[in-house]
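Report on one structure; see the data block that follows.
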Amino acid sequence: MLLFKIAGIQKTTLLDYPTKVAAIVFTQGCNFRCGYCHNPELLDLNKDTDFLIKDFIDFLKTRQGKLDGVVISGGEPTLQSGLYDFIKEVKQLDFAVKLDTNGTNPKILEKLLDKQLIDYVAMDIKAPLERYSKIVGSNVNINNIKTSIDLIINGSVDYEFRTTVLKSQLEFEDFDKIGQLIDGAKLYYLQKFVPNKIYDKSLSLDKTYSDEEFQEICYNLKKYIKTVSYR
Ligand code: SF4
């Protein structure tokens with residue numbers, strides 16, 4: 001049976017899908033264990049969930065003409081074997097779809113892009129490649145990350161890359177390595193670490209950079225990326 005575990009939904013957001021009013025579906029399970037993860041309850045793929053796909057689709061039917069899109073977030077949505085079929089159902093109702101992903105499953109990403117089933121992709125860039133596994137607390141196939149980046153940059157779907165920034169994890173020169181990794185990208189956001197409800201509580205006293213430091217990092221990255229900002 002195809003798996004699509006919905007851990008929760010948010011009925012409306014103005015913030016998570018650029019220029020659109022959307023609903024969010026949070027999927028259960030992630031193959032990373034980022035210390036700063038704000039959704040630690042979503043990480044265990046084996047955990048049972050209560051939400052039924054049918055209930056969400058029924059909810060969407062009541063929002064046609066009121067919402068523009070659906071954000072599929074997590075957890076890591078591409079772990080769900082039923083992701084493709086779920087998105088097809090959402091698209092049949094004429095909603096735009098944004099996928100949030102950590103980029104570990106380029107095969108599914110490629111299929112979704114090829115079939116024009118997603119309209120926006122937000123991919124996390126966790127670290128320079130040589131420190132990826134350490135920062136996400138899991139063994140990472142770096143080639144999959146690189147392939148996902150290439151698919152996104154060379155594809156025709158709108159996108160953003162983004163990185164959550166802790167001072168203890170990323171030094172100034174790391175951002176240059178990340179810039180090289182996504183060289184040619186059109187949009188990249190640095191996200192301030194907020195020590196709220198995080199997976200690794202030992203990071204709760206950790207800091208992010210100051211606004212002045214973020215401005216300098218953004219300025220330095222503009223040689224690789226068209227638009228760089230922090231939030
Ligand atoms: S922040 Fe890391 S651990 Fe949390 S959902 Fe995203 S990829 Fe998974």
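No experiment lies behind these values; they were computed from the predicted model shown. Positions are given from 1 along the sequence. Read the numbers this way: they start at 1 and go in the same order the structure lists the ligands and their atoms.
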message = Against ligand 1, does Leu43 come closer than 4.0 Å with any heavy atom?
response = yes
**Prompt:** Ring centres of Tyr188 and Phe161 under 6.0 Å apart?
**Reply:** no
For Tyr132 and Asp124, the nearest pair of non-hydrogen atoms, with its separation, is OH-O, 3.5 Å
| task | Report yes or no: does Cys30 have an N/O/S atom closer than 2.8 Å to atom 2 (Fe) of ligand 1? | result | no
- Under 30°, 30 to 60°, or over 60°: which ring-plane class applies to Phe172 and Tyr209, parallel, tilted or perpendicular? perpendicular
- Message: Measuring only between side-chain heavy atoms, which start at C-beta, is Val140 closer than 4.5 Å to Asn102?
- Response: no
- Charged N to carboxylate O under 4.0 angstrom, Lys54 versus Asp58? yes
contact_flag His38 ligand 1 heavy-atom lt 4.0 Å | no
Going by the 4.0 angstrom heavy-atom rule, the piece of Val136 near ligand 1 is neither
re atom 2 (Fe) of ligand 1, the protein heavy-atom contact at minimum distance is Cys34 SG, 2.4 Å
| said: Run Asp119 and Lys20 through salt bridge (charged side-chain N to carboxylate O under 4.0 Å, His left out) and show every step you take. | reply: CA-CA 11 Å; Asp119 305 278; Lys20 298 204 188 303; over 6 Å; no
Going by the 4.0 angstrom heavy-atom rule, the piece of Glu76 near ligand 1 is neither
min-distance protein heavy atom vs atom 4 (Fe) of ligand 1 -> Cys37 SG, 2.3 Å
